[in-house]
Amino acid sequence: AREALDTVFRNLYSPDMLVAVELRIDEGHPDAAGVTFAYGRKNKGGETRTPKYRAEVNEMGEVPVLVHGAKKLTQSGVILTYLSDLTGKFKPQTEDERLEALRWIIFDNQKLNGYLGPYRFLRNFAKPAGDPAAMAFLKARIDNSLGILERRLARSPFLLGDRPTIADISLVGYLYYPAEEFGFDIA
C-alpha cells in the first residue's frame, strides 16, 4: 500500500492573503519525483498569531508547517532535511556535505532570506513604508549576503558542487520574486 505524505506550505503573498500550497509526496510512486502540487488561497487575517493556531498548529506562530502522519514539523530547514531524508531527493551524500548544507541553510535563514523577507515586506506592504535608515541597513546586509553567495556559486553550479541539494532549494525562497518588489535585480 502506498502512503501519502501531505503537507501545507504557506507563504506571505500579499498583505491580506496567505497562499496555501499543498505538497503531496506519494512515497510509492514509480516516477523520479513522486510529487504533485495543489494550490489554494486563504484569507490571512492574522491566523498564525491566534492562540488556536499556536496551540494546534505551530507554537511559534509561523509557516510553513509539514504534517506527515502523527509528525508535525516547522521551520523550512527542518522540513527540507526531513523531506530529503525521507525521499532521498536533494540529499547531501556524506556527513561533510550534510554539515555544509546545514551551514548554508542557516546562512540563508539568517543572512539572506532573513533580510530579504523584511526588506520586501517593508517596501511593499508596511503602512507606513519602512524607515529609509532601516531600509538602507537591510539593503547593505542583503548586498553583502548576495556577494557571499555569488562568490560561492562562481566556483560551482550549486552550493555543494555539481548537483543541487536542499541548501540550494532553501536559498531560492525569496530569489524568485520580481525585481520591482525589491527595487533591485537580485540576479
Cationic N near anionic O, under 4.0 Å, R49 to E59: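 Salt bridge between R49 and E59, a charged N being under 4.0 Å from a carboxylate O: no.
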
Same cluster (ILVMFWY, side-chain, under 4.5 Å), [X] and [Y]:
X: V78; Y: L102; result: no
X: M135; Y: L112; result: yes
X: F137; Y: L146; result: yes

Closest heavy-atom contact between [X] and [Y]?
X: Y115; Y: Q110; result: CE1-O, 3.9 Å
X: R98; Y: E95; result: NH2-OE2, 2.8 Å
X: S145; Y: K111; result: OG-O, 2.7 Å
X: G183; Y: R123; result: CA-NH2, 3.2 Å
X: S84; Y: K89; result: CB-O, 3.1 Å

To the closest 0.5 Å, what do you measure between [atom1] ([X]) and [atom2] ([Y])?
X: L116; Y: K139; atom1: CG; atom2: NZ; answer: 9.5 Å
X: I148; Y: D143; atom1: CD1; atom2: CG; answer: 11.5 Å
X: T50; Y: E56; atom1: OG1; atom2: CD; answer: 8.5 Å

What I'd like to find out is whether the side chain of R152 reaches to under 4.5 Å of the side chain of W104, using heavy atoms alone.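 The answer is yes, as the side chains (C-beta and beyond) meet within the 4.5 Å cut-off.
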
Just so I know, are the side chains of F184 and I142 near enough to count as touching, which here means a heavy-atom distance under 4.5 Å? yes

Quick one: side chains of residues 157-172, donor-acceptor pairs under 3.5 Å with protein atoms, not counting sequence neighbours, listed by atom name and distance.
| from | atom 1 | to | atom 2 | distance (Å) |
| --- | --- | --- | --- | --- |
| R163 | NH2 | E97 | OE1 | 2.5 |
| R163 | NH2 | E97 | OE2 | 3.3 |
| T165 | OG1 | A167 | N | 3.2 |
| D168 | OD1 | L159 | N | 3.0 |
| D168 | OD2 | T165 | N | 2.9 |
| S170 | OG | D108 | OD2 | 2.6 |

Between K91 (side chain) and L83 (backbone), is there a donor-acceptor pair under 3.5 Å? no

With distance as the sole test, does D131 use its side chain to make a donor-acceptor pair with the main-chain N or O of A134 at under 3.5 Å? yes

Could you walk me through whether E181 and R120 satisfy the salt bridge (charged side-chain N to carboxylate O under 4.0 Å, His left out) test, starting with their C-alpha distance in whole Å, then the side-chain angles of each, then the deciding distance to 0.1 Å, before giving a yes or no? CA-CA 6 Å; E181 288 195 14; R120 179 178 169 262; 2.5 Å; yes

Begin from the C-alpha positions of L138 and L122 and carry the test side-chain contact (heavy atoms from CB on, under 4.5 Å) through to its verdict. CA-CA 10 Å; L138 291 171; L122 291 171; 3.9 Å; yes

